[in-house]
Amino acid sequence: MDFASLLTDVLREATGPTAIAYALAAIGLNIHFGLTGLINMGQAGFMLLGAYGFAISTIAGLPLVVAFLIAIGCAVVFALILGLPTLKLRGDYLAIVTIAAAEIIRFIGRSVGLNDLTGGSQGLLGNQFKYSFEGASPFADGLVAIGPISLQMNASNSWWLRIVGWGLVALACLIVFLLLRSPWGRVLKGIREDEDAVRALGKNVYTFKLQSLVLGGVFGAVGGIVISLASSVQPDSLGRPVTFNTWTILLLGGAATVFGPVLGSILFWAALVLVRGLMRGLIPPDVLSSTEIEPLGFVLVGITLVLLIVFRPQGILGDKKELAING
Amino acid sequence: MAEPIVTDAVNPDVVAARDALRGVAHTPGVAKPTPLLVADGVRRTFGGVNAVDVEHLEVQSNVITALIGPNGAGKTTFFNLMTGFDRPDAGSWTFDGKSLAGVPASRVSKSGMVRTFQLTKALSRMTVLENMRLGARDQVGEGMGAALLRPLWRKQEKEVTEKARDLLARFKLDTKESDFAGSLSGGQRKLLEMARALMSDPTLVMLDEPMAGVNPALTQSLLGHITALRDSGTSVLFVEHDMHMVRHISDWVVVMAEGKVVAEGPPKEVMDDQAVIDAYLGSHHDTDLGDDSLLEEESVISAEAMAELEAEEEAK
Amino acid sequence: MLETAHRAASRRHRRRGLGLLPGLLLGLLLTAVVGLVAVPAGAAPAACSPDAATACIQGTLRTSAGEPAVGVTFDVEGPAGTFQGVTNDAGQWSVAVTEAGEYTVTLDETTLPAGESLRDPAANPKTVQADLGRRPGALFALGDPAAAPAPSASASSSDGAGSGDSPESPAAPEAGAASEGGASGESAAAEGSGNNRILQLVVSGLVFGLLLALASVGANLIYGTTGLSNFAHGDLVTLGGLIAFTAVRTWGLPLWSAIIIATAGGMVAGWLLDAGIFAPLRRRGVGVTQQLIVTIGLALSMINLYLVLYGASPLPIVSSISERIDLGPVSLSQQTILSVVIAGVVLAAVALVLQRTRIGRATRAVSDNPPLAAASGIKVASIIRGVWVSSAGLASLGGVLMGLYLGSTRFNFGSVLLLLMFAAITLGGLGSPLGGLLGALVIGLVVELSTLVLPNDLRYASALVILIVVLLVRPQGILGRAQRIG
Ligand SMILES: Nc1ncnc2c1ncn2[C@@H]1O[C@H](COP(=O)(O)OP(=O)(O)O)[C@@H](O)[C@H]1O
Ligand SMILES: [Mg+2]
């Protein structure tokens with residue numbers, strides 16, 4: 001097997017739009033779970049809404065910035081609709097309601113009735129809405145090789161998308177860093193520990209939770225935009241498994257840390273591509289066909305998640321001492 | 001906040017309030033000269049059972065009031081109702097003259113009535129100092145936008161931190177300031193929770209069993225804190241089973257049983273009232289019994305663990 | 001409160017988690033063993049796996065009789081050049097292209113099996129958009145041009161079934177199941193009009209609800225006793241269906257023994273999950289949230305393992321189409337009636353055990369207040385073990401019956417139902433088994449009756465909307481209790 005090309009694939013994936021999108025989604029989830037203790041099982045719904053919001057408004061002829069803002073607006077509204085009724089309830093309800101709501105978004109998006117708007121289960125092809133983003137690139141078109149990776153400068157899965165994507169990740173990390181050390185972040189952490197205690201100290205817990213849900217959801221939506229710009233908007237490719245992967249990424253990197261989600265995403269995708277590539281290269285196809293390798297990779301992801309919780313619940317960057325307190 | 005704890009250097013308001021209480025009849029629901037908290041017809045039922053059914057109760061300002069009664073008498077539920085953590089089936093109540101019925105817990109706390117919990121709620125994975133800072137009211141940096149701009153709240157944060165350190169020193173927790181609250185012993189967590197409640201300079205603190213689980217060696221200083229609190233102008237309402245404590249520091253005692261206020265008066269009189277002893281205190285009288293022992297976090301820990309905790313505390 | 005107890009207990013038990021691993025592996029092994037002896041799910045399609053630099057244009061071709069069409073050639077032309085694909089034994093073909101863009105797919109009609117022709121010759125060639133990392137499908141239907149337009153829909157589900165860019169293997173087929181199989185088992189027969197149709201839908205809804213109640217009651221018991229929302233519960237339901245499928249179709253056993261084996265298999269899985277993973281986690285005082293995430297990991301592993309072992313196509317547990325029986329204005333299949341009877345009896349038995357027996361009372365005591373139960377001499381750990389075993393057994397049994405009712409099972413069959421089960425439990429009030437039954441009936445009715453006013457593909461969405469609406473009005477669910485503070 002060709003190790004050089006496998007390593008190139010790994011590098012390409014670990015720095016590519018998928019890793020970027022998941023890093024953003026995991027940063028959002030970190031605000032929900034790591035900081036506030038909210039169990040959001042519908043992060044994929046935020047991503048899907050962001051992708052739809054961006055793609056549909058671009059297709060409708062709106063400029064890039066407006067489409068971006070509409071995507072964010074969709075996430076804000078979704079967070080409010082979810083949060084207003086459920087954030088007063090027990091934590092379990094939020095988990096069930098968010099996962100249900102994300103599925104509702106997907107079901108509606110793929111329903112035949114909305115074919116004209118969302119493209120139904122086929123989704124929206126990238127070519128329909130990528131032009132405004134690609135047109136905003138200051139760089140000249142063409143194939144550019146950096147190290148072993150050779151990509152289009154501006155089209156689809158491009159250098160331009162990576163530059164903007166990592167810029168967004170950096171911005172998100174900065175925001176989380178600033179919030180984490182602020183009194184606002186302190187209230188969120190207090191809510192994570194025990195919301196009644198925080199309520200007893202005169203904080204309007206509900207408002208803080210709502211703010212957290214909205215902010216984290218917005219990061220999810222931005223992740224959704226990145227993923228849609230790399231390929232297309234596909235409702236079924238932003239289903240429950242995406243949320244589960246995002247959780248794995250967050251816990252792998254370390255919840256309640258600034259860089260944990262980013263590191264987690266890079267490692268997650270690198271490892272997945274590596275493991276799949278190795279399986280494909282080392283196991284003869286008659287033992288394990290390539291269609292089986294794909295799900296087998298996710299069997300490993302699931303086991304990793306279990307092992308993480310059992311053996312290293314604080315993730316790679318988390319504070320062992322801090323986590324040990326709860327068990 | 002940093003004045004030394006001198007129990008005898010009594011504040012004139014306290015003297016006045018105590019004097020005034022002397023003229024008050026010793027009957028349940030009696031009116032007080034300057035009441036801070038007034039409850040009327042507050043009732044809460046759980047599955048048909050009246051957990052709380054208080055016809056009328058006034059809590060005098062500037063003094064320490066003890067709320068006692070057997071397990072299941074409804075004391076904690078009464079606290080929950082007054083502070084907005086639970087909603088009554090009926091009734092109204094005012095605090096400092098303002099009605100608090102239907103007001104959410106956070107607003108109750110903002111209005112100056114701050115409580116602690118029977119089962120301590122230390123915020124485990126935050127440091128002791130962060131726990132304390134959280135208690136301060138009206139922080140600019142608690143706005144989501146302002147949080148990003150440190151200059152807006154840097155000065156206030158410094159003040160909050162200073163105040164937190166003062167209080168921690170008073171509660172002998174200053175050496176623990178950068179430890180996670182979850183690593184403290186049960187008694188220290190109780191102290192932390194009390195200190196945290198004081199960060200907002202409340203008008204009335206409501207302490208639900210502040211002594212439960214606290215190492216007896218710390219009891220004396222805890223009593224000192226509470227009386228000092230009263231002397232610095234804060235009114236105190238506390239639930240306790242430790243009758244020494246009730247006798248020793250309270251100015252007024254209210255007895256609850258089966259949800260109702262069944263007796264009130266000065267500690268000595270109430271606790272020597274044979275009817276109260278027989279009917280409501282029973283064998284609990286003068287024994288330091290922990291409340292709701294089955295629900296207590298501590299009771300789940302084995303005796304060996306308890307001994308360990310105690311040894312730990314003693315070592316400090 | 002439970003968590004407090006765990007946390008306290010954890011201070012005493014700082015054991016390493018080595019005990020967990022064998023359990024996890026055993027659990028996975030169990031499913032693997034069951035799966036390995038199963039029929040392999042059709043021959044694998046031509047090797048192509050999309051990644052960041054590759055797209056797989058693919059499709060499945062079936063003859064007008066629904067059999068795989070073998071050896072048919074496709075020519076694919078586009079930006080990356082010209083390629084050729086040939087269908088394999090399963091009628092599947094794929095072509096790997098390394099450049100995104102529009103491709104023209106031409107079916108070579110001369111290679112079609114004898115007697116077959118394209119249903120719509122004008123649809124050949126087809127144009128598809130290939131994005132890197134995806135599996136765009138190019139589907140052709142064979143058959144008489146006049147025949148009903150029902151091309152083999154299952155092929156489309158391979159589109160996006162995992163890809164380098166957005167790798168969610170279970171997602172796409174799941175959606176497929178939701179729209180194809182779903183709860184449509186009986187309502188497909190609901191062709192009548194007016195009252196009759198409504199009546200048929202009501203009956204279907206009640207049947208579906210009853211089976212949903214059986215499948216979900218275990219999750220409710222687990223929640224009640226441990227506070228854990230088990231996201232792998234749906235995959236335990238699938239386990240039952242798959243074991244029954246294997247027993248009947250591979251081992252050739254009669255259905256009744258398959259039902260028993262599936263239930264027993266589920267119980268073993270439940271025992272392994274608790275003994276191997278959750279009991280040690282509880283002993284170490286790991287919080288409920290962390291345990292919940294463990295169940296997510298398990299769900300992810302299990303569903304993908306099923307996919308590897310059984311493939312993505314629907315798996316009918318019994319091959320013959322069962323006879324329909326008319327009951328007044330509605331008609332039900334024999335299989336359905338069998339399922340309903342078993343589900344009804346088992347649910348009644350569960351209720352009886354919970355209400356009348358010592359074990360049942362002990363279980364309810366643990367649900368109410370674990371520390372108190374422990375203090376009054378109840379062995380909480382063994383009660384919870386028993387709850388896990390029966391929960392998984394009931395889920396498995398529910399999976400078989402649901403599979404009989406819906407006509408087939410599938411690797412993601414239970415996980416599609418997971419949300420409906422959660423919705424049922426939540427509606428009824430988390431931790432209240434009777435409420436769960438009511439909730440499930442409500443969900444069943446909503447799912448079926450919504451088809452009167454909404455398009456079929458929104459039936460599950462409508463149930464989830466109802467869930468959210470009910471939570472708005474009555475947050476503790478239909479029969480749930482408010483929580484205690486302080
Ligand atoms: N959330 C609740 N649900 C049901 N019963 C409750 C709840 N909270 C309190 N109770 C009941 O109300 C009564 C009063 O309890 P509580 O206020 O805790 O008493 P105390 O604090 O005086 O020991 C008890 O019988 C208790 O069991
Ligand atoms: Mg109490």
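We name chains A, B, ... by the order of the sequence lines, and we start the count at 1 in each one.
Inter-residue side-chain proximity for C/T289 and A/F33 is flagged as met; some heavy-atom pair is nearer than 4.5 Å. The shortest distance between side-chain heavy atoms of C/L300 and A/N245 falls below 4.5 Å. Between A/R240 and C/I303 there is no side-chain heavy-atom pair separated by less than 4.5 Å.
Interface remark: of the candidates A/S232, A/A155, A/G123, A/A200, A/S232 forms the most heavy-atom pairs closer than 4.5 Å to chain C. Between chain C and the residues A/P235, A/G37, A/G113, A/S111, the most heavy-atom pairs under 4.5 angstrom are made by A/S111. Per-residue counts of heavy-atom pairs under 4.5 Å with chain C were compared for A/A95, A/A19, A/G297, A/A100; the largest is that of A/A100.
Here C/S301 contributes atom OG and A/L300 contributes atom CG; the two are 7.5 Å apart, rounded to the nearest 0.5 Å. Note that CD1 of C/I296 and CD1 of A/I99 are 7.0 Å apart. Values are rounded to the nearest 0.5 Å. Separating the CE atom in A/M41 from the CG atom in C/L419 is a distance of 11.5 Å, to the nearest 0.5 Å.
Only the side chain of C/L292 has a heavy atom closer than 4.5 Å to any heavy atom of chain A. For chain C, the nearby parts of A/L296 are the backbone and the side chain; heavy atoms of each come within less than 4.5 Å. If you measure heavy-atom distances from A/N127 to chain C, the contacts under 4.5 Å come from the side chain alone. In this structure, the portion of A/L251 lying under 4.5 Å from any heavy atom of chain C is its side chain and not its backbone.
Exactly one of C/L307, C/V308, C/N304 qualifies for a side-chain contact (heavy atoms from CB on, under 4.5 Å) with A/E292. That residue is C/V308.
Nearest heavy atom pair, residue C/F422 against residue A/I96, reads CD1-CG1, 4.0 Å.
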